[in-house]
Amino acid sequence: MRVWAVANQKGGVGKTTTAVTLAGSLARRGRSALLVDMDPHGSLSAYFGYDPDTLERSIYSLFQQESIGHELEPERVLRPTGVDNLQLMPASTALATLDRQLGAQEGMGLVMERSLRQLEGMFEYVVIDCPPVLGVLMVNALAACDRLLVPVQTEYLARKGLERMVHTLELIQRASRRPVPYTIVPTLFDRRTRAARDSLDVLREAYPETLWEGVIPVDNRFREASKRGLPLSTIAPSSRGVRAYDGLLEFLMREEETSTTGEES
């Protein structure tokens, strides 16, 4: 099972769209995939019709179980998405209270890693939608993932968010002494604008080793897909946005094959 986390400390950069579309493309290829919503805003959960204000069981339940010493039961949190080969672990708005209530309690940084370990064999891929702030949820996602994806809108202010995200990642890696490879994904690219082209050039100059060579273009069909509550990759696989994400997926799968081969040798 491979685990990818999608994170940025700035909103509006295509984080949830990236998670949904990649997972949908995996499912369309017959790969069993799990989406994990670790953002208290619950955008990913709402995408598939779940209300984070009223869910009886959610990711918050796992942290509650850990806090009172009960065995984790992640399979009870799984929810259908209406898409074959794709399931969801939804968020609850109660996650926003997690740092204040339980953040300092021992063991809280590894709840998601232990939960996913129990689901080993059920899913080939896990895609985690992370919160936009550093806290126990972000720490959990980075501890559980094999690779971090950082979507960055191709405009000036989004680059500032990227700098904060990279700094956060470096802090966590130094504390845990566990390297997490990351890939920067340029999103919402409009080649018609000078600002987008200039921003992409700056990213290529500043992050030559970690920037994905492709771009995710602006595509209004993503908005249509969200209204239907389905990944665009499952309803319009030939759309330009999905073709771009398919290119990203192929890149990520090649990277995973390379890293696995390196580990085996």
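- Across all their heavy atoms, Pro52 and His41 have their closest contact at CG-O, 4.1 Å.
- Remark: Ile128 CD1 to Met38 CE distance equals 6.5 Å, nearest 0.5 Å.
- Side-chain atoms of Ser32 and Met122, non-hydrogen and from C-beta on, never get closer than 4.5 Å to each other.
- Checked by atom type and distance alone, the side chain of Thr193 pairs as donor or acceptor with a backbone atom of Ala196 at under 3.5 Å.
- Of all heavy-atom pairs spanning Val242 and Pro237, the tightest one is CG1-O, 3.4 Å.
- Ionic pairing of Arg204 and Glu213 is not present here: no N-O contact between side-chain nitrogen and carboxylate oxygen is shorter than 4.0 angstrom.
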Stepwise, does the salt bridge (charged side-chain N to carboxylate O under 4.0 Å, His left out) test hold for Glu124 with Arg2?
CA-CA 6 Å; Glu124 296 174 81; Arg2 307 304 291 179; over 6 Å; no
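- A donor-acceptor contact shorter than 3.5 Å is absent between the side chain of Thr183 and the backbone of Thr210.
- Between Ala27 and Val83, the shortest heavy-atom contact is CB-CG1, 4.2 Å.
- Counting heavy atoms from C-beta outward, Leu88 and Pro80 have side chains that stay 4.5 Å or more apart.
- Residues satisfying the ring pair (Phe, Tyr, Trp, His ring centres under 6.0 Å) test with Phe222, not counting sequence neighbours, are Tyr245.
- Ser233 contributes a side-chain N or O that, together with a main-chain N or O of Ser25, makes up a donor-acceptor pair within less than 3.5 Å.
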Given the rule in the side-chain contact (heavy atoms from CB on, under 4.5 Å) test, do Val150 and Val185 qualify, once you have shown the distances and angles that lead to the verdict?
CA-CA 6 Å; Val150 187; Val185 181; over 6 Å; no
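- There is no side-chain donor-acceptor pair under 3.5 Å between Gln65 and Tyr60.
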Where do Cys145 and Glu113 land on the side-chain contact (heavy atoms from CB on, under 4.5 Å) test, with the steps shown first?
CA-CA 8 Å; Cys145 77; Glu113 181 186 21; over 6 Å; no
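- Looking only at side-chain heavy atoms (C-beta outward), Leu230 and Tyr47 stay at 4.5 Å or farther from each other.
- Using modelled atom types, one finds a donor on one side chain and an acceptor on the other under 3.5 Å when comparing Thr168 with Gln9.
- Remark: Tyr125 pairs with Trp4 by the ring pair (Phe, Tyr, Trp, His ring centres under 6.0 Å) rule, at least two apart or across chains.
- Hydrophobic clustering, defined by side-chain heavy atoms of Ile, Leu, Val, Met, Phe, Trp and Tyr closer than 4.5 Å, groups Phe189 together with Leu200, Val215.
- Val127 and Ala23 make their closest contact through CG2-CB, 4.3 Å (heavy atoms, listed as atom of the first residue, atom of the second, distance).
- The closest donor-acceptor contact from the side chain of Thr187 to the backbone of Val13 lies under 3.5 Å.
- Residues Val3 and Val136 fall within the same hydrophobic cluster, defined by Ile, Leu, Val, Met, Phe, Trp and Tyr side chains chained together at heavy-atom separations under 4.5 Å.
- Expressed to the nearest 0.5 Å, how far CG of Leu55 lies from OG of Ser92 amounts to 7.0 Å.
- Follow the hydrophobic side-chain contacts under 4.5 Å out from Val126 and you reach Leu137 in the same cluster.
- Under the 4.0 Å criterion applied to side-chain N and carboxylate O atoms, Arg243 and Asp219 are not assigned as salt-bridge partners.
- Other residues, nucleotides and ligands place more than 12 heavy atoms under 6.0 Å from the CD atom of Glu120.
- No side-chain donor-acceptor contact under 3.5 Å links Asp129 to the backbone of Asp37.
- In this structure, the side chain of Asn140 engages the main chain of Met112 through a donor-acceptor pair within 3.5 Å.
- Within the 3.5 Å criterion, the main-chain N or O of Ala236 finds a donor-acceptor partner in the side chain of Ser239.
- To the nearest 0.5 Å, atom CZ of residue Phe251 and atom CG of residue Asp246 are 15.0 Å apart.
- Here the shortest heavy-atom pairing between Pro231 and Ala225 reads C-CB, 4.3 Å.
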Going through the distances and angles, do His70 and Gln64 end up as a side-chain contact (heavy atoms from CB on, under 4.5 Å)?
CA-CA 8 Å; His70 284 189; Gln64 287 181 309; over 6 Å; no
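- Annotation for Asp84: atom CG does not count as buried by contact number, only 12 or fewer foreign heavy atoms lying within 6.0 Å.
- Counting heavy atoms from C-beta outward, Thr93 and Pro40 have side chains that stay 4.5 Å or more apart.
- To the nearest 0.5 Å, the span separating CG on Leu22 from CG on Leu252 amounts to 6.5 Å.
- In this structure, CG in Leu34 is found 6.0 Å from CG in Leu78, a value given to the nearest 0.5 Å.
- At distances below 3.5 Å, at least one donor-acceptor pair connects side-chain atoms of Asn8 with backbone N or O atoms of Pro151.
- Under a 4.0 Å N-O distance rule, the pair Glu224/Arg228 does not qualify as a salt bridge.
- There is no path of hydrophobic side-chain contacts, each under 4.5 Å, that joins Ile184 to Trp212.
- Arg79 has its side chain within reach of Arg57: a pair of non-hydrogen atoms, C-beta onward, lies under 4.5 Å apart.
- Contact check for Met138 versus Leu142: side-chain heavy atoms found under the 4.5 Å cut-off.
- How far CG of Leu162 is from NE2 of His167: 13.0 Å, rounded to the nearest 0.5 Å.
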Using the side-chain contact (heavy atoms from CB on, under 4.5 Å) rule, take Val166 and Glu170 through it: C-alpha gap first, then chi angles, then the decisive distance, then the call.
CA-CA 6 Å; Val166 171; Glu170 291 172 349; 3.8 Å; yes
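- We find that Glu250 and Arg29 are joined by a salt bridge, their nearest charged nitrogen and carboxylate oxygen being less than 4.0 Å apart.
- Between Phe48 and Val20, some side-chain heavy-atom pair lies under the 4.5 Å cut-off.
- Looking at every heavy atom in both residues, Ser45 comes nearest to Ala91 through OG-N, 2.8 Å.
- Judged by distance alone, with hydrogens and angles left aside, the side-chain atoms of Arg194 form no donor-acceptor pair with the main-chain N or O of Arg191 at under 3.5 Å.
- A salt bridge links Lys15 to Asp39: at least one charged side-chain nitrogen sits closer than 4.0 Å to a carboxylate oxygen.
- Remark: side-chain polar atoms of Glu155 are not paired, donor with acceptor, to backbone N or O of Ala195 under 3.5 angstrom.
- Note: the hydrophobic cluster containing Val218 does not contain Leu203 (ILVMFWY, side chain heavy atoms under 4.5 Å, direct or indirect links).
- Using a 4.5 Å heavy-atom threshold, the side chains of Lys10 and Val152 count as separate.
- At a threshold of 4.5 Å between side-chain heavy atoms, the hydrophobic network of Ile, Leu, Val, Met, Phe, Trp and Tyr places Met253 and Leu248 in one connected group.
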